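Just so it is clear, the model here is predicted, and its values are computed rather than measured. Whatever order the structure lists ligands and atoms in, that order sets their numbers, starting from 1.
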Amino acid sequence: MKRRLAAIYWIGILITLLMALAAIGAATLLKIDDTRASLSAMLNAASRWTLDSNGDLQTLADEIAGVSPPMRVTFLLNSGLVLADSANDYDRSANHRNDAEIAAARKGETGRSLRMSDTDATLVLYMAKRLSPQLILRLSYPVFEIAKALAVYGTAIAALFLVLYLIQRHAIARFARDQSRQMEDVRRLLDGEIRQVEAVFPEFQPLLNAIAYRVERLRKDYQEIVRTMEIRNNFVANASHELRSPLTSVRGFAEMLSEGLADTPEEQALCLETIREECDRMLQVIEDILQLGRAEHSRDALPDACAVAPVARQVVRSLQPQAAKRQIAMHVEGETSVRVEERELWEILYNLADNAVRYGRDNGDVWIRMDGGRVIVDDNGIGIPAEHLGHIFEAFYRVDESRDPDRRGTGLGLSIVKAIVERRGGQISVESRPGGGTRFILSFDEGE
Ligand code: ADP
């Protein structure tokens, strides 16, 4: 990336440089053209001046040259020898016959040439014309001004190049710094060290926001998967444990019977009764597991509204024998209807009211109250210590088995209730304090 940027930068600079050189070249050619035009005009004027003059050639050469310094004026013989020259340092013995401009003048044309001067190392523009069969006039004009301008341009370009090089180094170093900082930020975002990245280049902000959003979602999904795996592993371990205890007991009693260790008919009857009870218990656990599976996974449409009070009264009737045994009074108050199937409603209320009776106190009360899409199941029993409240909806979670010696629950009742309630778009919460009773509050969108 850094190298690519540098390459792009230098290509840009090279193109600029070529354009600058082209501009200088064009300016130089224009300048030469300009000089040539004025030299040509001067040559014509000087020719007329010479032809009109009677003075000696050296004086004339000096006079003409004085009109436009640093112009040089030379009078030559047709043979190429110099007769007079406004510059005093010329070589008198030199023959100029072969100089391009003189050769052309000898043929009667106006000779022109641009070349390095023989005497001083400058570029000179020459122009010559034959004035008479024996006399040739030559004007020459050094274009060292152009050379000077070229030197100035060259120095300026070199300086510009240096400045551009320094700017480029600085800009690329800064860009590289910003880029690595941005990469580091993205790495930290992916590692979960930060939640948001501020883009170094504002155009990238939406993209970085999208990445941050996705990373956050993936992180949550991952946590959810880990949690689900954990729940499932615990579930399998708990379910196996729940089934193993009664199975061990069944096996023990069956062995007693087969080995003839239960002698009397009463002992044998007790063994068989216990085996039956343990089988019932296993069936109950399996039934609850199936029920939980159904509640969690079935995906049918929201059912029609169902009136809660009739179902609550049915539940109360079913639990009457257990409640009566401990003089617990059960009350149904109010009415509402919710979009939950009747069978599911029965399951919810039965589990909650059954718990309320089981964990209720003798001579106590259990209330099922209904109002505006809310169903509240209340008791004034033993309550639940605060540290357990966050766990009671987990599968197989029991607060303390010693609290319920008569009938050991499966620990699945509340998880079934929660699964059904949430599947139907409702919410369940609990309020309780040890010795002060327990209240389960269900809220649904009220059905019409
Ligand atoms: P279980 O089949 O063991 O009753 P639940 O899932 O129905 O399982 O309940 C989980 C635990 O929550 C129970 O073991 C019990 O200790 C506690 N619990 C539930 N309802 C009540 C209640 N009304 N009063 C006191 N404790 C309760």
For this session: Step by step, work out the salt bridge (Lys or Arg N to Asp or Glu O under 4.0 Å) result for Arg281 and Glu242.
Result: CA-CA 9 Å; Arg281 172 153 181 74; Glu242 285 300 319; 2.9 Å; yes
Problem set entry | Stepwise salt bridge (Lys or Arg N to Asp or Glu O under 4.0 Å) test for Glu335 and Arg374 | CA-CA 9 Å; Glu335 170 60 311; Arg374 288 201 334 155; over 6 Å; no
For this session: Give a yes or no on whether Glu267 atom CD has more than 12 heavy-atom contacts from other residues, nucleotides or ligands under 6.0 Å away.
Result: yes
Problem set entry | Cation-pi geometry met for Arg339 and Phe444 (6.0 Å, 45°) | no
Seminar exercise, completed: So the atoms of ligand 1 within less than 4.0 Å of a heavy atom of Tyr397 turn out to be 10 (C), 11 (C)
For this session: With sequence neighbours left out, write down each residue that passes ring pair (Phe, Tyr, Trp, His ring centres under 6.0 Å) with Phe396, or none if nothing qualifies.
Result: Phe235
Seminar exercise, completed: For Gly411, the atoms of ligand 1 under 4.0 Å from one of its heavy atoms are 1 (P), 2 (O), 3 (O), 6 (O), 8 (O)
Problem set entry | Ser415-ligand 1 polar pair, N/O distance under 3.5 Å | no
Exercise. What part of Val399, side chain from CB on, backbone N/CA/C/O, both or neither, has a heavy atom under 4.0 Å from ligand 1?
Worked result: both
Exercise. Non-hydrogen atoms of Asn351 versus ligand 1: any pair closer than 4.0 Å?
Worked result: no
For this session: Please state which part of Leu414 comes within less than 4.0 Å of ligand 1, counting heavy atoms only: side chain, backbone, both or neither.
Result: both
For this session: Hey, can you tell me if Trp346 and Tyr350 have their rings parallel, tilted or perpendicular (30° and 60° cut-offs)?
Result: parallel
Problem set entry | Atom indices of ligand 1 within 4.0 angstrom of Thr410 heavy atoms, with elements | 2 (O)
Exercise. Just heavy atoms, cut-off under 4.0 Å: does Asp379 contact ligand 1 by side chain, backbone, both, or neither?
Worked result: side chain
Exercise. Atoms of ligand 1 less than 4.0 Å from Gly413 heavy atoms?
Worked result: 5 (P), 6 (O), 7 (O)
For this session: Report, in ascending order of atom number, the atoms of ligand 1 lying under 4.0 Å from any heavy atom of Arg358.
Result: 1 (P), 2 (O), 4 (O)
Exercise. Taking distance alone, with no angle check, do Phe440 and ligand 1 share an N/O pair under 3.5 Å?
Worked result: no
Exercise. Quick one: do Arg115 and Asp99 make a salt bridge, cutoff under 4.0 Å?
Worked result: yes
Problem set entry | Salt bridge flag under 4.0 Å for residues Arg112 and Glu101 | no
Exercise. What atoms of ligand 1 come within less than 4.0 Å of a heavy atom belonging to Arg398?
Worked result: 3 (O), 14 (O)
